A.B. asks: 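Before anything else, here's the structure in question.
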Amino acid sequence: MLSKTTNPKTMELETLQKQARDAFNTLGFPTKRHENWLYWTPDNEQKALERKFYEPSDSIKENDVILIKNGSLRSKPNNNNLTVSNDTHDYQNENLSFNLDSSSLSYLNTSECSEVITIRCRGIINEPLQIRLESDHTKDNSTVNTKVNLIVEEHSSITATFYHQQLGGAFNLTNTSFELVCKDNANVNISHVFKDNKSKAFFHSIIHMHEKSNCNHISYVTNSLLTRHDTNVTFYKEEASLNLKGINLLTGEEQFYNHLTINHKSKNCFCKQHFKTILDDKSISEFSGLVYVAKGSHEVDSQQMNQILLFSDSARALSRPQLKIDADDVQCAHGSTIGQLNPEEIHYIKSRGLTESEAKALLTYGFAEEIIEEIQDSHLKEALAQDIKETVRKIKS
Amino acid sequence: MSLKEFSDIANKEYEYGFKTDIKTELIEKGLNEDIVRKISAKNNEPDFILEFRLKAYKHWLTMEEPDWALLDYPEIDYQALHYYAAPEKPKEKLKSMDDVDPELKRTFEKLGIPLNEQKKLANVAVDAIFDSVSVATTYKEKLMKHGVIFCPFSEAVEKYPELIKKYMGSVVPHTDNYFAALNSAVFTEGSFVYIPKDTICPMELSTYFRINAEQTGQFERTLIICEENSYVSYLEGCTAPKFDTNQLHAAIVELVALDNAEIKYSTVQNWYAGDPKTGKGGIYNFVTKRGKCLGKKSKISWTQIETGSAITWKYPSCMLIGDDSIGEFFSVALTNHHQQADTGTKMVHIGKNTKSTIVSKGISVGKSVNTYRGKVQMNKSAKESENFTQCDSMLIGDECSANTFPYIDVRNASSNLGHEAATVKVSEEQLFYCQQRGISLEDALTTIVNGFCADVFKELPTEFAVEATQLLSLKLENTVG
Amino acid sequence: MFEIKDLKASIEEKDILNGLSLTIKPGEIHAIMGPNGSGKSTLAKVISGHPDFEDPEGDIKLDGKDILDLEPDERANEGVFLAFQYPVDIPGVNNSEFLRMAYNAKQKYQNQPEIDPFDFESLIKEKLTVLNMKEAFLSRPVNHGFSGGEKKRNEILQMLMLDPRVVILDETDSGLDIDSLKQVSDAINHFKSENKMILIITHYQRLLNHIVPDTVHIMADGKITKSGDKSLALTLEDQGYDAFKDNQS
């Protein structure tokens, strides 16, 4: 592990990248050795991961949305409370982690990214912000490495939705890294949408929670070939609060690997994690969520729930909620359920004149609704609700 | 239980820490093919057992000690141990209990296991195992009248080789894991239980394990077979003297339940846990326990109260093969001082409509580390199966750790699984409430912890439930104030 | 005689009790009424020795013996009983075994032998009848899964069993329906005798229709601001607490 790196803030990108490269070379691609319960190893993707695709742009246009295409910043909004740039000096005063020790692919991202894009929010931004992370490279067997940071300053507030979209061919990978800093009293609403991705997407999020910061974080994965999302959260100071939610709809041979690590390094913080997954056909979902409470981090309240609806005998659900607790005055719980719709409920709805499939669609939507309700961006909320209703109707079994 | 009994017990030290002064016959230290042959020769074993041992030994050489458990201990030098230790005995077979070495009888009496015909425990048949050999088995004849076989493993090898050939290694193969391979190579003694068809075993069966010799390992093998429509409740207890050095215990327990059969297996484990202050000494407990629910509607139920050992590595498991079979695991693991436990279960659902229940209560005190690790797997064939798991951890004090690591894998769309885990705190308010009713702080704590474990204790045979409660309060002494 | 003199207590540097004095003679029932935040429940906690309140000042004497420095369990065994406003759950601990432990703790404190389990059983059954409670109640875990009313009745059952000298009823009437309120009150009236001292802490006067107090105190800002006979409670109900605010200004 590359734990001996110097603080990134004092380092030039080149040095950081060299270090990341060295670390990656030492670690190699993820194997069972690194991740003691791994169900997928990027064997077939190794070549593509090693070959990077980057398309620089000459100018950054002004637009309502932030567009990051093929690893480079293309457009940004004009907003006094927001600065967006790909200047490497912009992140240098922040204590960013840059890499996620639990995944060597994040080292690969650092080593191969060509721009470090930093979004900084200072003040209150009311209008939801759209950030599009697009890749449309057609040269097969290559990877776009995007690196984005969102820094929300003290007492600032933002709602932002990240759309992760692969517009290119089926054999082009994306390896994205996202670092979020919620400074003291920041108020942050983040959504990540992974939709209609024909290729494999690797996504690393690193979240820093400072004193009294508050963050709602929702991820949505659907109709995407293979998504791996590694999230690493650290609570540094008291009274920070984080809601991590996710809704995932998998059909066909889609796969979703969701790995969470929550580090409670401070007392009196709150973290709720709630994930719901619907599996059909030959899809696979793996959830692994570790909550770690360090010694002395008292009065931490952590509640984790992972719920799966399994519609097919060929689908597979793996769930691994974990608790590692070194403090005695904490409230930590996790739960996991895997099952089906309640036949009694289906029967009840049918008795009111609806067909079996309508009843199932209704109940499946009901299963997801709890998460959808939490979305702050109302446009996104509506779009997701619609999306889910449509997909659910297609579920055969 | 009364307050007085509580406080009496709470003030005792590890009371089983004495060593029996008896002439011991040892095979020289170390492990190689020659030693394996010597152990086999000591037991006058048939060739098929020796072959089994040698196969296992060769396989063991190719394996590596597992390191995935959350346990921290110095490397074990497998060449520094004696693999066979037995109290010297006359060449002729013992004709009755009265021929047992009086020193050994006294030892077991001190442990609460009287072997004399007159004093023996009512309604519990006991196989007393001292280091590598069985000292005595009570009620053998009475059980035989019902067709129930309860005898030392070595005797079973001699008298019932067909059963041994058929079932030994059928649940835990010698290739299963590092410690299972080691056991398969060097095992000495253990208990054998056979319950014939349509038989409810008329009494509780119990094996009491005692490690006495220093720098030895105990590697017993237990095999329990329940034929169709039969039932047995079996209990094991274990203690060891206080030594500064660590002793290794690597046992194998195999259970086989055929159609409609039920096996209830309970453990009260109180091996020496090492010095409370320094953590020196204590038993390294690496045990492989597994049951096969082979028959339809068969049931295997594990109950364990783990309070001893410096290191515990133990995952009593159920393979639910027969349709409608049931697996259960109830566990209390209490770690104090420098103890480390990584324990849990594995439920593998293969047959249709199989059910499993897991209830685990972990209590961490002092500087100890207590980990629940459990796997629930539902195969495609296990249609309409169910699992419910509840893992609760209680932390007392600020220097201990509690971990919960479940692994869930479901591969069919008609099964249901629910897993819950939570940390439970002994709250100030609970303690104050008890105190306001006149109960002292220490008693209040013991009462609350006992209440936390109630769901597991109620699964134990009555005689042992009391013992378990006492053990817990003993282990909790001086944890408040 | 139960005497509280100039009792002061604070939590996290906030003063809650500001020199409260109160004397209850054997056979008397006193009621303390006061708005939320006046310190009523704190008084109950401080009397019983709750660890949240470190080193309260003043005196609490039972029959001349100072109990303020005693541990909570010692105070209980001296005969001080608190019926909790929110009785605490103790999952897995059998209600009757818990009571027997408490009973025997007191026996031990008084150098008496432990009660014979059969005697205990008949005693507890007798008390259950007083409260019109079912025996099944005894085999359930202490307060775990109890309804609000059941919890309160369980408190009174414990009171009857432990037979204390001083009883503090902290909002025992809250969460009780009319029938339960009647049963609980009847049990308290049954318990009342020449040598018992009862302190009722309540928000409303409805309990006082059933248990008639000898003296009613009004509490505000951690002190008793007015005392009177039972008619004070009615006046209070009529005029509200504002009329009795300490005339400080």
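These numbers were taken from a predicted model, which means no experiment stands behind them. When reading the values below, keep in mind they use all heavy atoms of this one structure, side chains included, and skip hydrogens, waters and symmetry mates. Letters go in sequence order (proteins before strands), and every chain restarts at 1.
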A.B. asks: Between B:Ser385 (side chain only) and B:Ser415 (backbone N and O only), is there a donor and an acceptor less than 3.5 Å apart?
C.D. replies: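 No: the side chain of B:Ser385 does not pair with the backbone of B:Ser415.
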A.B. asks: Please determine if A:Arg228 forms a cation-pi arrangement with A:Tyr257, meaning its NZ or CZ atom is less than 6.0 Å from the six-membered ring centre and no more than 45° off the ring axis.
C.D. replies: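 Verdict for A:Tyr257: no cation-pi partner in A:Arg228.
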A.B. asks: Under a 4.5 Å heavy-atom cutoff, which of B:Asp392, B:Leu417, B:Leu395 has the most pairs with chain A?
C.D. replies: B:Leu417
A.B. asks: Against the six-membered ring of B:Phe452, is B:Lys361 placed for a cation-pi contact (under 6.0 Å from the centre, within 45° of the normal)?
C.D. replies: yes
A.B. asks: Heavy atoms only, distances under 4.5 angstrom: which of B:Val424, B:Val410, B:Asn412 has the most pairs with chain A? Name it, please.
C.D. replies: B:Val410
A.B. asks: For A:Lys295, is it the side chain, the backbone, both, or neither that has a heavy atom closer than 4.5 Å to a heavy atom of chain B?
C.D. replies: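 Contact with chain B: side chain only.
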A.B. asks: Using the ring of B:Tyr407 (Phe, Tyr or Trp, six-membered ring only), decide whether B:Lys375 places NZ or CZ under 6.0 Å from its centre and within 45 degrees of its axis.
C.D. replies: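 Not satisfied by the 6.0 Å and 45° rule.
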A.B. asks: Given that the side chain runs from C-beta out, which part of A:Asp329 has a heavy atom under 4.5 Å from chain B: side chain, backbone, both or neither?
C.D. replies: both
A.B. asks: Only one of A:Glu370, A:Glu374, A:Glu369 forms a salt bridge (Lys or Arg N to Asp or Glu O under 4.0 Å) with A:Lys276, so which one is it?
C.D. replies: A:Glu370
A.B. asks: Decide side-chain contact (heavy atoms from CB on, under 4.5 Å) for B:Cys434 and B:Leu431; before the verdict, give the C-alpha distance in whole Å, the side-chain angles of both, and the deciding distance to 0.1 Å.
C.D. replies: CA-CA 5 Å; B:Cys434 293; B:Leu431 289 170; 5.9 Å; no
A.B. asks: Heavy-atom distance under 4.5 Å to chain B: side chain of A:Gln340, backbone, both or neither?
C.D. replies: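 Both backbone and side chain.
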A.B. asks: If I measure from the heavy atoms of chain B, does A:Ser288 come under 4.5 Å with its side chain, its backbone, both, or neither?
C.D. replies: neither
A.B. asks: Who wins among B:Gly397, B:Ser427, B:Gly418 for the most heavy-atom pairs under 4.5 Å with chain A?
C.D. replies: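 Looking at each option in turn, the highest pair count goes to B:Gly397.
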A.B. asks: Among A:Leu310, A:Ile338, A:Thr337, who wins on heavy-atom pairs under 4.5 Å with chain B?
C.D. replies: A:Ile338
A.B. asks: Is there a side-chain contact between B:Val332 and B:Glu306 in this structure, where contact means two heavy atoms from C-beta onward sitting under 4.5 Å apart?
C.D. replies: no
A.B. asks: Considering only heavy atoms, which portion of A:Ala315 lies under 4.5 Å from any heavy atom of chain B: side chain, backbone, both, or neither?
C.D. replies: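 Looking at A:Ala315, just its backbone touches chain B.
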